[in-house]
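Report on the structure given below.
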Amino acid sequence: MDLAQPLPFRFQLASLPPEAERLRHDIRAFLAEELGGFAPELKAQSWSGFNPDFSRKLGARGFIGLTWPKAYGGHERSALERYVVIEELLAAGAPVAAHWVADRQSGPLLLKFGSEEQRRRVVPGIAKGETYFAIGMSEPDSGSDLASVRTRATRTNDGWRINGTKLWSSWAHKAHYMIALFRTGEGADQRQMGLTQFLVDLATPGIKIRPIADLTGHEHFNEVVFDNVLLPHGALIGAEGQGWAQVTAELAYERSGPERFLSSMMLLKHLVAAAGANPSERVAIAIGRMTARLHALRKLSLSVATQLQAGANPALEAALVKDVGAVFEQEIPDIAHDLFGLEPSLKADDALRRVQAYLTQVSPSFSLRGGTREILRGIIARGLGLR
Amino acid sequence: MSETAQLVHDAAHRLFAQHVTTELLHRAEGGAWAGALWDAVEEAGFLDTLADRDVAPIERAANTAALLRAAARHLVPLPLGETIVARALLAAHKVRVPQGPLTLGVLDGHTHRHGDHAHLKGNASRVAYGRHAANVLLAASGGQEAVLIAVKRGKLSEGVNIAGEARDDLAFGDTAGTTVDGVDGDVLLCVGAALRATAIAGALERVLMQTVEYARTRVQFGKPIASFQAIQQQLAVVAGHAATAGLAADAAIADLESPERLKLSAAVAKIRCGEAAGAAASIAHQVHGAIGITKEHSLHFATRRLWSWRAEFGSESFWAERLGRAACAAGSDAYWASVTA
C-alpha cells in the first residue's frame, strides 16, 4: 500500500469572494421583504414550492440566470455568487420551484448545446423568471437505467413525430417547455448512441399531461404522454445521437448544488426553536450533531462549486456530496420524531408538526431525485477502482 | 493543494514511509520511544511548520494540515501535532521554545501569576507521550494563562490507550513554570480536538485505501469481492466519511491560530471525524471478514487508533452538546446566519 497516493476525490477549503458576500446581503434583504407572510409548511416545500409571482420578482431583481451572458438576459456573475443566492433561497424556504429546473439545468444546457435560435427565443424568459421547464428523462420502464428510454422521435418531412411516455416530470403541467431525451435510432453496440435531446413546447397538440399527487396532496409529478406529437426540425438540441453525452452534462448541474443537503432545513430550524434556549442534554446533543454535519456538508459543497467555477469536472465529488447530503436531509424527520415524539400532521396548530408531516412524507424522494443512492454509490465505487 | 503544501506532503510521505514500519509500530506500542524517527522529523524542519513566521498564515496552516495528515496516514507514533502547535503558541507569545518533544493538556486545577512566573496546581490526565516529552503546556479551563513546565517537575503515572500510545497522568503540587498569557484550557482543548480530528481523517484515508486494496485482491465465489455491489456500496459510504472528515479537519487546522474561530471548527471537526471513525472502522472490519481483529493482521493499527482518538479531547457527544447548546441559546432565527458566518 503506497500511503502517498492521493485519494481519487479532492476537496479543498473554499472561501467566498467579497462580491458573493455582498450579494448575500442583497438576497437576504429581498427575502426578508418577500417571505414575511409565508406559512412554515409552505417554506418547508423549499425547491418544491411553485410560485410564479415570486419567480418573476426574483428574475426582475436579477437573481436568475446569474452566471449567464448578458446577451441572453443573464448577469455574468460567478458560480460562487450563484451558490450564495441559491443557499440563501433554500435556507429561507423560498418557493423557487417554478424557475428552478430552468435556472439550474435547462438554461445552462441550452447555452451550451442549443442553437442560437433556441437561446434567443427561450433563455431571456428564463432569466426574467417567466419561462419554466420540466425534465423529460424518466419513463415508466426507465429510471436509473436511463439509456433504456423508449419514447421515440421519428424523422418526418416537417420535423419529428414523437410517441411514448415520460414520467415523474415535476411541474410539467405548469411549465412551458421540457427538455426531453428521445430515442432517434438504434446504437449498433451501445444503446446510448441512439438518443437525442429535444426542446419540447408543452403546448404542442397531442401532448397529454396528467398530474400525480404525492402523499401530502401536492401535484408536482406528472405523466406526459406523447401521441403522434409533431415537433419542428428546430426542436432538436445539439446533435442527433449525442443525447447521452448531453444529458450526462445536464446531470452534473443537477447533482452539485446546496439543494442536495438543505431540503430539510426548515425542519431543522423548527427543531432549534422547539428545543428552546436551554434544552435537555439529549436534545442539545442531537442538534449539535446535525449542526456539525450541516457545516461539514456546506464545506464539501462549496469545494465542488469552487472546482466548477475553475472549469473542472468534479463528477465524483458531486456524487459524494449528494450521497452524504441526502442521508443528512433524510434523517432529520426521524431525528425530529426521536426528540419530540410528536404525531406529524399537516393540519396541526403546531408549525413543527406540520413541517414534520410534510418532510416525513416527501423525504424518501431525497435519495432518488437526481440519481439514486445506489447509482451514486456505484459512481463512487468506480472512482475508488472497485468496478 | 498549494505548491508548498504539496512539497511538505511529498517530503513527509518520503520520510514516514522510510521510518514508520509495522515493526516500528510494534516497538512503539511496546513502550519504546521512536528516537530515530523523532530525530529525522526534527532534522527535516517539520517541527516549526506552524511557527514559521516567514510563511503566510494560510499557507503555514495548509502546510501543517498536509504534514499532520501524512503523519496520520502512517500512524506516526510521536507527539508531532502537540509539539508543532505548542512551538507555534510559544513563539507567538515570545516564549523561548525548549528543545525536544512537547505535549499539551487541560489541567484539572488552577493556574495563577506570581511575578514573572505562573504557578499551577492540579492534574492533567491522559497526556499524550507525557513520559517522552521534556515539557508540557497546560492550562485550566477559565484560567488566564497557560503554563509551560518540565514534565519531571510533576508526578507521572504511566498509561496507554488501546492503540498502545502513551497516555500518562501528570500531577503537580504548587509548581512554578513559564507563563503563556491568554491561552486557557479551552483553547488547548480545542487545539487537542483539532489535532485528533486531523489524525482521524488521515487514519480514515489509510483504512479506506487498505480496505479497497483488500477488496480488489480477496477472491471469493471465483471473483474479487470488490465486484460485489454489496461491498462497493459499503466502501462508497467509507469514502463519504473520509471526504467529510478530511475537509472538516482541514477547516479546524486552518483555524489553529484563531482561537475564536477554532471553537466552532474544532467542534465540527471532532464531531464529524468521531462519527466517521466509528462507522468506517466498522465497515472496514466487515469487508475484511473481521480478520483485522487478529494481531497478525495490520488493519487494527489504524482502527484501534480511530477508536481511541475519537474519545480523546472530547467525544462526539461532548462537542455536540456544546455546539447544540450554543445554537439553541442563539435561537432559530440566528441559526442559518451562524452557518454562513
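Just so it is clear, the values below take in all heavy atoms, side chains as well, and ignore hydrogens, waters and symmetry mates. Proteins get letters first, then strands, A, B, ... in listed order; numbering begins at 1 in each. It should be emphasised that the depicted structure is a prediction, and the values quoted were computed from it without experimental measurement.
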Do you know which two heavy atoms are closest between A/His295 and B/Leu264, and how far apart they sit? CE1-CD2, 3.6 Å

Can you tell me which portion of A/Leu302 sits under 4.5 Å from chain B's heavy atoms? Options are side chain, backbone, both or neither. neither

Side chain, backbone, both or neither: which part of A/Arg289 has a heavy atom under 4.5 Å from chain B? both

For the student: nearest non-hydrogen atoms of B/Ala243 and A/Leu320, plus distance: CB-CD1, 4.5 Å

Side chain, backbone, both or neither: which part of B/Gln234 has an atom under 4.5 Å from a heavy atom of chain A? neither

Just wondering, are more than 12 heavy atoms of other shown residues or ligands nearer than 6.0 Å to CZ in B/Arg261? no

Could you tell me which portion of B/Ala327 (side chain, backbone, both or neither) has an atom closer than 4.5 angstrom to a non-hydrogen atom of chain A? both

Could you check whether atom CD of A/Glu21 has more than 12 heavy atoms from other residues, nucleotides or ligands sitting under 6.0 Å from it? yes

Relative to chain B, which of A/Glu87, A/Arg10, A/Arg382 shows the most heavy atom pairs under 4.5 Å? A/Glu87

Show your working on side chain to side chain contact (heavy atoms under 4.5 Å, CB included) between B/Val339 and A/Met265 and close with a plain yes or no. CA-CA 12 Å; B/Val339 175; A/Met265 193 58 209; 5.5 Å; no

Is it the case that more than 12 heavy atoms not belonging to A/Asp349 sit under 6.0 Å from its CG atom? no

If I measure from the heavy atoms of chain B, does A/Leu16 come under 4.5 Å with its side chain, its backbone, both, or neither? neither

Region of B/Gln233 that comes under 4.5 Å of a non-hydrogen atom in chain A: both

Please report the closest heavy-atom contact between A/Leu384 and B/Ala239, naming both atoms and the distance. CD1-CB, 4.1 Å

Looking at OG1 of B/Thr244 and CZ of A/Phe328, how far apart are the two atoms once the value is rounded to the nearest 0.5 Å? 11.5 Å

A/Arg293 side chain vs B/Arg272 backbone, donor-acceptor pair below 3.5 Å: no

Could you look at B/His241 and say if it's the side chain, the backbone, both or neither that has a heavy atom under 4.5 Å from chain A? neither

Verdict with supporting geometry, A/Val272 and B/Trp336, side chain to side chain contact (heavy atoms under 4.5 Å, CB included): CA-CA 11 Å; A/Val272 173; B/Trp336 175 249; over 6 Å; no

Interatomic distance, A/Met290 atom CE to B/Ile271 atom CD1 [nearest 0.5 angstrom]: 11.5 Å

Do you know which of A/Met1, A/His270, A/Lys269 has the most heavy-atom pairs under 4.5 Å to chain B? A/Met1

B/Cys328 and A/Gly276 have their tightest heavy-atom pair at CB-O, 3.2 Å

Heavy-atom contact with chain B under 4.5 Å, split by part of A/Arg28: side chain

Rounded to the nearest 0.5 angstrom, the CZ-OG distance for A/Arg282 and B/Ser317 is 12.5 Å

Please find the pair of heavy atoms, one from B/Leu247 and one from A/Ser303, that lie closest to each other, and give the distance. CD2-CB, 4.3 Å

Between B/Ser265 and chain A, with a heavy-atom cut-off of 4.5 Å, which part of the residue counts as in contact: side chain, backbone, both or neither? neither

Flag yes if more than 12 heavy atoms outside A/Gln12 fall under 6.0 Å of its CD atom; otherwise flag no. yes

Is chain B contacted by the side chain of A/Ser280, its backbone, both, or neither, given a heavy-atom distance below 4.5 Å? backbone

Within a 6.0 Å radius of atom CG on A/Asp2, are there more than 12 heavy atoms belonging to other residues, nucleotides or ligands? yes

Specify the closest pair of heavy atoms between A/Leu386 and B/Arg216, including all atoms of both residues, with the distance to one decimal. CD2-CG, 4.2 Å

Side chain from CB out, backbone as N, CA, C, O: work out which of these in A/Arg24 comes under 4.5 Å of a heavy atom of chain B, or both, or neither. side chain

Please determine, among B/Met1, B/Glu213, B/Arg14, the option with the most heavy-atom pairs under 4.5 Å with chain A. B/Glu213

What part of A/Leu13 lies closer than 4.5 angstrom to a heavy atom of chain B: side chain, backbone, both or neither? both

Most contacts with chain B, counted as non-hydrogen pairs under 4.5 angstrom, among A/Pro6, A/Ala381, A/Gly288, A/Ala296: A/Gly288

Heavy-atom distance under 4.5 Å to chain B: side chain of A/Glu374, backbone, both or neither? both

Can you check whether B/Thr340 reaches A/Arg298 side chain to side chain, under 4.5 Å on heavy atoms? yes

Without swapping roles, check the side chain of B/Gln232 against the backbone of A/Arg377 for a donor-acceptor pair under 3.5 Å. no

Counting neighbours of CD1 on B/Ile58 that are heavy atoms of other residues, nucleotides or ligands and sit closer than 6.0 Å, is the number greater than 12? no

If you count heavy-atom pairs under 4.5 Å with chain B, which of A/Leu300, A/Ile287, A/Val84 comes out on top? A/Leu300

B/Ala62 portion near chain A, given a 4.5 angstrom heavy-atom threshold: neither

Contact leader toward chain A among B/Gly324, B/Gly202, B/Ala70, B/Ala337, where contacts are heavy-atom pairs under 4.5 Å: B/Gly324

Side-chain contact test, heavy atoms from C-beta onward, threshold under 4.5 Å: evaluate it for A/Thr291 versus B/Tyr335 and give yes or no. yes

Between A/Phe11 and chain B, with a heavy-atom cut-off of 4.5 Å, which part of the residue counts as in contact: side chain, backbone, both or neither? both

Are A/Leu7 and B/Met209 packed together at the side-chain level, in the sense that at least one heavy-atom pair is separated by less than 4.5 angstrom? yes

